[in-house]
Amino acid sequence: MKVLPRSFYLREDVVAIARELLGKCLFTQFDGRITGGIITETEAYAGVTDSASHAYGNRRTQRTEVMYSQGGTAYVYLCYGVHSLFNVVTNMKDVPHAVLIRALKPVTGIHAMLRRAGKPAAGKGFGTGPGKVAKILGIHYSHTGMDLTVKPSSGSMPGIWLEDGGVRIRPGEIITGTRIGVEYAGKDALLPYRFRIMAT
DNA sequence: CGGCCGATCCACT
DNA sequence: GTGGATCGGCCGA
């Protein structure tokens, strides 16, 4: 297992990064507990020219400022007043690209994730849906801005990080489609920016 | 300062 | 398949 380096996130093609994040491992450590799993669904948000992006038209506000950080930073925001949604910022500083993590196959710390979900056992839908991904990993919108390239050096430190676990996804296993919940974005809603691993 | 709305989820029909 | 929850962010006045 190898922590994804800064160089992975600094690249220009956010759509390619979204595709490559499939099969990578996402971990968190909060309250001394490590939880995580394999990323199975992502969406790319291509910054100032993408009308589905919060940074469309170079909108720079207190909330979106984190999207203008260098790649490898966490962008977490509150959606519908209820759900924290976790995104990976990509590209260089001042270019506000991001990838939304929509689904995760739970692997590490299952018990803690079930407890956060308030479920007695893993059922259908455990780990699917961006609100639920953040919830089971213990990610809250107050965690926006965290550095994703550093694995905590001790069990008492909080952290969010990604690793390459060596899982190889064949192109034929990837389903490409349009993004969810962005109907307001006009023609950009039709862009093929959603990627997921075919159910086995 | 007020009003509208959202990169969602769940219970209920 | 549908509607309600729920509240910070954003924009216009």
Sidechain-backbone polar pair: [X] side chain, [Y] backbone, donor-acceptor under 3.5 Å:
X	Y	answer
A:Thr149	A:Arg6	no
A:Gln70	A:Leu10	no
A:Lys132	A:Gly125	yes
A:Arg59	A:His54	yes

Could you write out DNA chain B as a dot-bracket string, with dots for unpaired bases, | for bases paired across to another strand, and Watson-Crick or G-U pairs counted at under 3.5 Å? ||||||.|||||.
Sugar-phosphate, base or nothing in reach of [X], heavy atoms under 4.0 Å:
X	result
A:Leu100	base
A:Val182	sugar-phosphate
A:Arg63	sugar-phosphate

Got a sec: does the CD of A:Glu65 have more than 12 other heavy atoms crowding it under 6.0 Å? yes
Can you see whether A:Tyr141 has A:Arg63 sitting over its ring - NZ or CZ less than 6.0 Å from the centre and within 45° of the normal? no
Judged by each residue's nearest nucleotide on DNA chain B, which is more toward the 5′ side, A:Gly81 or A:Lys135? A:Gly81
Return the value, rounded to whole Å, for the distance between atom CG of A:Leu78 and atom P of C:dG8. 7 Å
Between C:dG9 atom P and A:Tyr77 atom OH, what is the distance in whole Å? 13 Å
Span of DNA chain B engaged by chain A, first through last nucleotide within the 4.0 Å heavy-atom cut-off, is B:dG6 to B:dC10
Nearest-nucleotide comparison on DNA chain C, the residue closer to the 5′ end among A:His83 and A:Tyr141: A:His83
Do we see a donor-acceptor contact under 3.5 Å between the side chains of A:Asn58 and A:Tyr68? yes
Within the 6.0 Å centroid threshold, strictly below: A:His140 and A:Phe30: no
